[in-house]
Q: 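Right, I'll just put the structure down here and ask away after.
Atoms considered below: every heavy atom in the structure, side chains included; atoms not considered: hydrogens, waters and symmetry mates.
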Amino acid sequence: MPTDRPVALTINGRKETASFPAHRTLLEALRALGHFEVKCGCEKGDCGACAVLLDGVAVDSCLTLAWMAEGHEITTVSGLGSIDAMHPLQKAFADAGAAQCGYCTPGLIVAAKSMIDRNPNPSEEEIRYALSGNLCRCTGYVKVVEAVREAAAVMQARGDGK
């Protein structure tokens, strides 16, 4: 009896298929498929470094089984923008110096994106709450919160959520 099963995932708008054991997490599957922008932090759902958007909602990919993501849209931080066309959150993090070591940055950005999509004009308290599942050991969060507020303002002014 085979232990692997084919899993078809839509990642950043692109369909990718591979075979994985049923117990393989989405984090493991993403990294096996070359999506190293998704960081492996604690593997317990405590740090948020592995956060991705699953149908627009931030989830810890280390707690989600790969097969559970079939039929859903997975967006990593790379799916939000590129070096040539940065998403307002990516640009704001860079401009504000919100990333120190950068390890937590992908998870922070996707968590912020999920929050801004639901609440386009968040207060500082709402931003801090939305990011409370993301552990950052370097920044102290001050510049992170500033970057999220700036990006939210840009996204609201553009009115397109992108």
Q: Can you check whether L63 reaches T25 side chain to side chain, under 4.5 Å on heavy atoms?
A: no

Q: Taking side chain as C-beta onward, heavy atoms only, is V148 less than 4.5 Å from L131?
A: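 Result yes, sub-4.5 Å side-chain heavy-atom pair found.
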
Q: Looking at Y129, I want to see if its OH is surrounded by more than 12 non-hydrogen atoms of other residues, nucleotides or ligands under 6.0 Å.
A: no

Q: Drop me the distance from R5's CZ to E70's CD, to the nearest 0.5 angstrom.
A: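 Taking CZ in R5 and CD in E70, the distance rounds to 5.0 Å.
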
Q: Taking side chain as C-beta onward, heavy atoms only, is L33 less than 4.5 Å from F20?
A: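 SC-SC contact between L33 and F20 confirmed.
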
Q: Evaluate the side-chain proximity of R14 to E16: yes if any heavy-atom separation is below 4.5 Å, no if none is.
A: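 Contact flag for E16/R14 side chains = yes.
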
Q: Do you see a donor-acceptor pair shorter than 3.5 Å between the side chains of N12 and S78?
A: no

Q: Please report the closest heavy-atom contact between D60 and G48, naming both atoms and the distance.
A: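 Answer, listing the atom of D60 first, then G48: OD1-CA, 3.6 Å.
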
Q: Considering only heavy atoms from C-beta outward, does the side chain of I11 approach that of H35 to under 4.5 Å?
A: yes

Q: Counting only heavy atoms not in Q100 (residues, nucleotides, ligands), do more than 12 fall under 6.0 Å from its CD?
A: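 Atom CD in Q100 is packed in, count exceeds 12.
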
Q: Do T10 and E73 have side-chain atoms, one donor and one acceptor, less than 3.5 Å apart?
A: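 Absent: no donor and acceptor within the cut-off.
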
Q: Taking the side chain as C-beta and beyond, is there a heavy-atom pair between D95 and E150 under 4.5 Å?
A: no

Q: Any non-hydrogen side-chain atom of L26 less than 4.5 Å from a side-chain atom of I74?
A: yes

Q: For K113 and L53: C-alpha separation, side-chain torsions, deciding distance, then whether side-chain contact (heavy atoms from CB on, under 4.5 Å) applies.
A: CA-CA 9 Å; K113 171 76 165 85; L53 298 175; 3.8 Å; yes

Q: So does R118 pair up with E126, basic N to acidic O under 4.0 Å?
A: no

Q: For the atom pair CG (D55) and OG (S114), what is the distance rounded to the nearest 0.5 Å?
A: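 Spacing of CG (D55) from OG (S114) equals 11.0 Å.
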
Q: Which heavy atom of S61 sits nearest a heavy atom of C50, and at what distance?
A: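 Closest approach of S61 to C50: OG-O, 2.8 Å.
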
Q: Walk me through whether L108 and F93 qualify under side-chain contact (heavy atoms from CB on, under 4.5 Å).
A: CA-CA 10 Å; L108 284 165; F93 266 67; 4.1 Å; yes

Q: Would you check, one step at a time, whether the test side-chain contact (heavy atoms from CB on, under 4.5 Å) holds for V142 with V144?
A: CA-CA 5 Å; V142 173; V144 170; over 6 Å; no

Q: Pair L80, I109 - check side-chain contact (heavy atoms from CB on, under 4.5 Å), show working.
A: CA-CA 9 Å; L80 296 179; I109 288 175; 3.7 Å; yes

Q: How many angstroms lie between CD1 in I127 and CZ in R149, if you round to the nearest 0.5 Å?
A: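 It is 5.5 Å, given to the nearest 0.5 Å.
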
Q: Is any side-chain heavy atom of V7 closer than 4.5 Å to a side-chain heavy atom of S19?
A: no

